[in-house]
Protein chains: 2
Amino acid sequence: MSFSITEENYIKAIFHLQHAEGTVSTNELAAELHTKAASVTDMLKKLKTKKLLSYEKYKGVRLSAEGKKLALGIVRKHRLWEYFLVDTLQFGWDEVHEVAEELEHISSKKLVEKLDAFLGHPKFDPHGDPIPDSNGKMAVQQHINLIDLSINKMAEVTGVGSQSTELLELLKHKNIGIGTRLEVKKTFSFDHSIEIKIKNQNAFTISQQLAQALFVKIV
Amino acid sequence: MSFSITEENYIKAIFHLQHAEGTVSTNELAAELHTKAASVTDMLKKLKTKKLLSYEKYKGVRLSAEGKKLALGIVRKHRLWEYFLVDTLQFGWDEVHEVAEELEHISSKKLVEKLDAFLGHPKFDPHGDPIPDSNGKMAVQQHINLIDLSINKMAEVTGVGSQSTELLELLKHKNIGIGTRLEVKKTFSFDHSIEIKIKNQNAFTISQQLAQALFVKIV
DNA sequence: AATTAAATTTAGACAAATCTAAAAATAATA
DNA sequence: TATTATTTTTAGATTTGTCTAAATTTAATT
Ligand SMILES: [Mn+2]
Ligand SMILES: [Mn+2]
Ligand SMILES: [Mn+2]
Ligand SMILES: [Mn+2]
């Protein structure tokens with residue numbers, strides 16, 4: 001069976017929202033997809049008949065095994081294309097999400113596999129998110145929030161919590177990106193800001209909000 | 001203004017059909033797009049209000065300057081993606097058309113320009129068709145049909161007249177591709193077959209049909 | 001428990017793109 | 001020129017995805 005771009009976007013949105021709770025509400029979906037609750041209800045009924053999810057009136061929705069498989073395929077394409085755009089075509093990581101939002105719907109299986117091979121089977125996309133392999137399996141990145149990193153432990157930035165232009169702008173200015181090595185030197189309880197040190201640079205402080213938007217792993 | 005995938009496919013089809021005659025008929029378009037004449041009429045009315053073409057009832061259709069510009073942009077994307085698929089991802093040239101049919105609708109201008117630069121601004125796609133530049137200009141390939149090539153003139157294959165799997169299969173078997181150098185050794189008036197010679201290979205004959213499906217330029 | 005508030009679903013309508021069948025215009029032929 | 005045949009357009013329906021407004025269900029408060 002094949003699915004429309006709209007159907008695929010719904011399935012992917014449910015997949016992402018599902019990770020928090022097990023079940024997703026109509027309003028959550030409407031917000032995520034910038035549409036109205038009534039439209040969501042209509043689409044859920046349709047996707048249920050296609051067996052991509054289980055749905056009972058007023059009870060929220062949950063992807064079926066088949067729905068999950070479809071979602072993982074779309075996420076795989078999305079993240080592979082993002083990797084391609086940044087790694088091969090030299091896009092900035094703030095510019096790639098929208099383009100990947102379109103490219104993820106290109107249907108050719110062969111294209112995905114050839115692209116994956118060309119890129120060298122990358123495990124993580126430019127935002128640090130894991131790329132599912134052709135079987136839907138993805139590496140579990142045991143990264144922690146920078147806010148929870150102990151003092152004087154060397155760590156590497158592995159991911160960002162958002163991909164807004166605003167965040168990127170700030171990270172560029174502070175010279176932080178995926179792969180940057182840093183350690184926390186001091187924490188301030190007044191505003192929960194933290195002082196960090198990057199090799200060959202002076203220590204500087206970053207806000208609580210920024211620290212919460214960064215994920216790191218200890219190295 | 002932005003256009004739907006369907007609208008873009010109509011514009012591109014008109015562009016291609018227009019090259020033969022100046023004006024395109026409803027039935028021609030219906031055949032090309034695998035749809036019905038009634039659907040074409042509806043769409044033509046719509047595209048006229050969008051000023052992409054001039055259209056009078058029963059009189060056929062012709063692209064406006066704006067329509068041509070849009071068409072050239074789509075053709076540019078189509079052929080750049082085909083080049084990418086063959087050159088970068090190692091697709092066979094028979095496998096790329098369908099995929100490019102989808103990729104040509106990805107809207108990002110920046111993507112097209114970055115892709116073009118990454119590929120080294122190629123002038124021709126894997127089928128020998130010219131790729132329009134960012135201003136819509138394309139190289140004029142003064143190639144001739146192999147059937148019209150004079151005897152003993154060294155020539156290089158620059159294009160194919162069709163991109164069917166059947167043709168590719170035959171060309172693969174005969175070891176002929178874009179760039180292959182050959183000369184005509186003899187022509188047979190009985191069946192209009194011709195004998196050709198490729199360097200370091202024995203001469204062999206090819207059918208009239210095959211010769212007509214090949215374009216060459218004298219080198 | 002009764003009332004109010006919030007979330008969700010239904011009812012009815014609309015735009016895009018398509019189709020079949022019938023009507024109208026143009027082209028071909030006798 | 002009159003009659004067919006072909007092409008093209010209109011009329012009316014259908015599917016997909018969306019919307020607003022109203023009704024219903026569930027959750028939260030008195
Ligand atoms: Mn998308
Ligand atoms: Mn990403
Ligand atoms: Mn297309
Ligand atoms: Mn081509």
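Predicted model only: the values in this text are computed from it and were never measured. Numbers restart at 1 for each chain; the letters A, B, ... are given by sequence-line order, proteins then strands.
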From C/dT8, C/dC19, D/dT8, nucleotide with atom closest to B/Asn27 side chain: D/dT8
Value in whole Å for how far the P atom of D/dT18 lies from CG of A/Leu47: 11 Å
Which residue lies more 5' along DNA chain D, comparing B/Thr41 with A/Ile5 via nearest heavy atoms: B/Thr41
Flag, side chain of B/Glu7 to backbone of B/Ser4, donor-acceptor distance under 3.5 Å: yes
Touch class at under 4.0 angstrom, heavy-atom based, for B/Thr26 against every strand present: sugar-phosphate
Of A/Asn135, A/Asp116, A/Asp125, the residue whose pairing with A/Arg76 passes side chain to side chain donor-acceptor pair (under 3.5 Å): A/Asp116
Nucleotide nearest B/Ala37 (side chain, heavy atoms from C-beta), chosen from C/dT18, D/dT9, D/dC19: D/dT9
Closest non-hydrogen atom pair between A/Ser162 and A/Leu167, with its separation: O-CD2, 3.3 Å
Phosphate OP1/OP2 of C/dC19: any B/Ser39 side-chain N/O under 4.0 Å: yes
Side chain of A/Tyr58 - closest among D/dT25, D/dT18, C/dT26: D/dT25
B/Glu113 CD: over 12 foreign heavy atoms closer than 6.0 Å: yes
Side chain of B/Tyr10 - closest among C/dT18, C/dA7, C/dT9: C/dT18
Rounded interatomic separation in angstrom, taking CG from B/Leu29 and P from C/dT18: 12 Å
Filtered N/O pairs between nucleotides 12-16 of chain D and protein, under 3.5 Å:
none

Side-chain N or O of B/Lys36 closer than 4.0 Å to phosphate OP1/OP2 of C/dT18: no
Any B/Ser25 side-chain N or O less than 4.0 Å from OP1/OP2 of D/dT7: no
Sidechain N-carboxylate O distance under 4.0 Å for B/Lys50, B/Glu66: no
N/O (side chain, B/Tyr55) to phosphate O (OP1/OP2, D/dT8) under 4.0 Å: no
Expected output: side-chain B/His34 to main-chain B/Ala30 donor-acceptor under 3.5 Å: no
Proximal nucleotide (of C/dT9, C/dC19, D/dT18) relative to the A/Lys57 side chain: C/dT9
Sugar-phosphate, base or nothing in reach of A/Lys59, heavy atoms under 4.0 Å: nothing
Aromatic ring pairing B/Phe118/A/Phe118, orientation class (parallel under 30°, perpendicular over 60°, tilted between): perpendicular
Distance test, side-chain N/O of B/Lys45 to OP1/OP2 of D/dT10, below 4.0 Å: yes
Rounded distance (Å) that lies between atom C1' of C/dT9 and atom NZ of A/Lys48: 14 Å
